[in-house]
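Okay, so here's the structure we're looking at.
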Protein chains: 2
Amino acid sequence: MRLTTKGRYAVTAMLDLALHEGKQPVTLQDIAINQEISLSYLEQLFALLRQAGLVRGIRGPGGGYRLGQSAGRVSIAEIISAVDENSDMTRCGGKADCQQGEECLTHELWTELSEKIYQFLDDISLKDLLQRPRVCEVAERQEGRRKAAIKQGAAAQTVTFDGHSIGGT
Amino acid sequence: MRLTTKGRYAVTAMLDLALHEGKQPVTLQDIAINQEISLSYLEQLFALLRQAGLVRGIRGPGGGYRLGQSAGRVSIAEIISAVDENSDMTRCGGKADCQQGEECLTHELWTELSEKIYQFLDDISLKDLLQRPRVCEVAERQEGRRKAAIKQGAAAQTVTFDGHSIGGT
DNA sequence: TAATTTCCTATTTATTTACTTGGTTTTTAT
DNA sequence: ATAAAAACCAAGTAAATAAATAGGAAATTA
C-alpha cells in the first residue's frame, strides 16, 4: 500500500462517479475539469480501474463511466491498489529477502504499518465517504459549477476546428 | 507523513544506533555495510537527523554517531518527519486550498489517514523495536557479521591508495 | 454521416530518490 | 608532527516514477 497523488486522483475520480450513481454516466472530460486532473492522465488511471472491474466505460455520445460495483462495495484500499501496481512498500513488502536473502532490521515494522493502513482504507467504502457532510458540501459546490459550465458551454459547444475545440479551457 | 525508502533507511540506521546505546559510537561506514545503504546517502540523511537533534556526531577516529536522546524517547514518526521534509501528503496536507482555494473532495480523508499513520508511528519508540524478538534476531545475525568483518579487515585495513581504500566492497 | 466519447500506445517533461564525487575539517593515535 | 579516521559539506549525476502530452482507432449515438 503506497500512498501517492496517483491513488488520490483515482479515489477522487471514483468518488465523482459515486456521486452520480444511478444518474447519467460521467465523462472523463467532466472529471478532468471538476477535479483538476489532466484528461489523458485520467484515461491512464481509468484503464487500470477498468481492468480491476471497478468502473465500466460506455462509449459514444452520452457515454462516460459508471461504477463497476455499487458504492457500498468499493473500498478506498481497492481503488488505490488497482492504480498503484507495485505497492510493495518499496522493497520491503511481500517478500522477506530485502537483506541479502534475509529480513532487514525494520521489516516487521513496515509490513505491520502497511497492514494497518490497508485495514484503515479497506474499511472505508465510497458510500461511507458520500455520507460525510464535508464531502457533500464540496460535491454540491462542484455540482453548481458543473451546471454553470454546461449552460455557458451550450452556445460555444459547436466551435470546433478540425475536430479540436477552440476557446474554453 | 509520507512513507518512502528514505524514511525506512533513516529508521533502520537509527535502530542500528539504538542497538549500540551505551557502547562505542557507530560509524556511518559500519551502518552502510550492515544495512546496505550507500555511505554518502547516509551522510545526507544524518545531516537532517542531526538538525532535528536525533543524533550526535563525534568526529575523528573512534568517532561515529550516537543517539541524541535515549531510545525510549525517540518515536519512529519523529525520525521519518526529520528526513521527509515535505511531508505534506502531496498537496493535500496542511493547507486546505488544494482545489482553487477550497478543499478538494477527498481532503478530509487524506488528512485523517495521515493522522492515523502518524499516531501509529508516534506510538512506537526505538526502544519498543529493540524489544521485539524478530528485531533482536536480525540484530544478532548482523552483529556476528560485523565482528567477522572486523577480524578480516584487521589485516587488509592498511591497503589504501591515495587515501582511498582498495579491496573489500 | 458527424460528433462524442472511450480506448489505446507512445513519447515527453518534471520531480524526486538514490547515489556519486570530491572535497574540508576535527580528532585520535603513532 | 604527521597520518589516518571519521564527521561534515556541496555539487552533480542517474534512475525511477509521476504527470502530462500527442495522435490516433473504435464504438456509439443523434
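Just so it is clear: chains get the letters A, B, ... in the order the sequence lines come, proteins before strands, and each one is counted from 1.
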To the nearest angstrom, the CZ-C1' distance between A:R50 and C:dT9 comes to 14 Å
Would a 4.5 Å heavy-atom cut-off, applied to side chains only, mark A:Q69 and A:L54 as touching? yes
Nearest-0.5 Å distance, CD of residue B:E43 to CD of residue B:Q29: 9.5 Å
Side-chain donor-acceptor distances from residues 12-27 of chain B under 3.5 Å, at least two apart:
| unit_1 | atom_1 | unit_2 | atom_2 | d |
| --- | --- | --- | --- | --- |
| B:T12 | OG1 | A:T106 | OG1 | 3.0 |
| B:T12 | OG1 | B:R8 | O | 2.8 |
| B:D16 | OD1 | B:R146 | NH2 | 3.0 |
| B:D16 | OD2 | B:Q35 | NE2 | 2.8 |
| B:D16 | OD2 | B:R146 | NH2 | 3.4 |
| B:H20 | ND1 | B:D16 | O | 2.9 |
| B:E21 | OE2 | B:A71 | N | 3.0 |
| B:T27 | OG1 | B:D30 | N | 3.0 |

Check the distance between C:dT28's P and B:Q24's CD and give it to me in whole angstrom. 12 Å
Enumerate all atom pairs, one protein N or O and one N or O from nucleotides 1-3 of chain D, separated by less than 3.5 Å.
none

Separation of B:Q51 atom CD from D:dA7 atom C1', in whole Å? 15 Å
With the side chain counted from C-beta on, respond yes when A:I76 and A:L129 share a heavy-atom pair under 4.5 Å apart, and no when they do not. yes
Where does the angle between the aromatic ring planes of B:F46 and B:Y65 fall among parallel (under 30°), tilted (30 to 60°) and perpendicular (over 60°)? tilted
By a strict heavy-atom criterion of less than 4.0 Å, which residues belonging to residues 57-70 of chain A are in contact with DNA chain D? A:R59, A:G60, A:P61
A:Q44 near the nucleic acid: base, sugar-phosphate alone, or nothing, with a heavy-atom cut-off under 4.0 Å? base
I want to verify a distance call: between D:dA22, D:dA7, D:dA18, whose nearest atom is closest to the A:Y41 side chain? D:dA18
What is the distance, to the nearest angstrom, from the CZ atom on B:F46 to the P atom on D:dC9? 15 Å
Using a heavy-atom cut-off of 4.0 Å across all strands, would you classify B:L39 as base, sugar-phosphate, or nothing? nothing
Below 4.5 Å, heavy atoms only, C-beta onward: do A:I79 and A:L126 meet side chain to side chain? yes
Output for pair (B:L109 CG, A:F120 CZ), nearest 0.5 Å, gives 6.5 Å
Length of the line joining A:L48:CG and D:dA18:C1', which is rounded to integer Å: 13 Å
Once you round it to whole Å, what is the distance between P of C:dC7 and CG of A:L45? 14 Å
May I ask you to decide whether B:R134 forms a salt bridge with A:E112, counting only side-chain N to carboxylate O separations under 4.0 Å? no
Atom pair distance, as rounded to whole Å: CD1 in A:I31 and P in C:dT5: 12 Å
To the closest 0.5 Å, what do you measure between CZ (B:R132) and CD (A:E108)? 5.0 Å
For the side chain of A:L28, counting heavy atoms from C-beta on, which of C:dT6, D:dC9, C:dC19 is nearest? C:dT6
Which of D:dA20, C:dT21, C:dT6 is nearest the side chain of A:T27? It is C:dT6
Mind calculating the distance between CG (B:L42) and C1' (D:dA6) to the nearest angstrom? 14 Å
